[in-house]
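A quick write-up on the structure given underneath.
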Amino acid sequence: MLTVTEAIRRRISIRRFLPTPVTEPQLRELLDTARYSPSGGNLQPWKVIAVAGAERDAVVTLARGAIANAGGAPPQEEGSDLVYPANLWEPYRSRRYQLGEDMYARLGISRENRAGRLAHVARNFEFFGAPVGIFFIIDGRMGRGQWAHLGMFMQTLALAAVDRGLGTCMQEFWGSLRETLHRHFALPETDLIYCGMALGYADPDASVNQLRSARAPVEEFAILRGF
Ligand SMILES: Cc1cc2nc3c(=O)[nH]c(=O)nc-3n(C[C@H](O)[C@H](O)[C@H](O)COP(=O)(O)O)c2cc1C
């Protein structure tokens, strides 16, 4: 068992997984732990759909079709734009740029290699090879507060996964198929698919899994007063 601090520091986004399965009891136990996440008013404003085996394959096939329809590029965002604000400003713009540069350097894909970059992006739609895909769902009528609480749930799940030797990658990329997935899972009108997550065992030999993305120092984001 890791300490909470160890789990926080060890968790990174995993973008290449081994095919080793994650069993239903494992997943249930993980969710059973994550459900202790806090939420305002204890609303617990989260739902998940987890797919493995043939159900995972069906989603991957659906996504491949969407990429083919979009001429090989990632499909345009479906439904509300929940990813980045338009014309991202500093310092966020540079942080995002840096992540991309560091990631593609690890993958050995140059800036000019547009096809290579697109192929990597498309691997999102294969859950980066993970045997389990999770979709996080919120009632579309919820407010910003509940969205934050859904985020806490996702982070709790990711940390609990680390404690069990599992890796995750949160995947807002799946939001580009928000409507298609909504239809696929025959969800109620009010449900909104926010984000996906790949879950499985990290490939220890993959360089991309060694990417330790930068963080701003405490002084850059925190104001401490009265100490
Ligand atoms: C809500 C959320 C959605 C994300 N979506 C994607 C995604 O679609 N594809 C991807 O490769 N990484 C995705 N990421 C991973 C981020 O790029 C990553 O968390 C960030 O660069 C920090 O790196 P770390 O997770 O390795 O610490 C997502 C992260 C979060 C929190």
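Side chains are part of it too, since the values below use all heavy atoms of this structure and drop only hydrogens, waters and symmetry mates. We count ligands from 1, going down the list as the structure has it; atoms in each ligand are counted the same way.
- Contact between Phe17 and Gly167 at its shortest, heavy atoms only, is CE2-O, 3.4 Å.
- The ring-ring contact (aromatic ring centres under 6.0 Å, His included) analysis of residues 142-161, with sequence neighbours excluded, yields the pairs Trp46-Phe153, Trp147-Tyr194.
- Within the 6.0 Å centre-distance limit, the rings of His120 and Phe128 are counted as a close aromatic pair.
- Rounded to the nearest 0.5 angstrom, Ser207 OG and Met103 CE are separated by 11.5 Å.
- Protein residues having a heavy atom under 4.0 Å from any atom of ligand 1 are Arg11, Ile12, Ser13, Arg15, Leu99, Asn124, Phe128, Cys169, Met170, Gln171, Glu172, Phe173, Tyr194, Cys195, Ser213, Arg215, listed by chain and number.
- Two residues are said to be in side-chain contact when any heavy atoms from C-beta on lie closer than 4.5 Å; Ser13 and Met170 fail this criterion.
- Under the 6.0 Å cut-off for aromatic ring centres, Phe135 and Phe185 qualify, their centroids lying closer than that.
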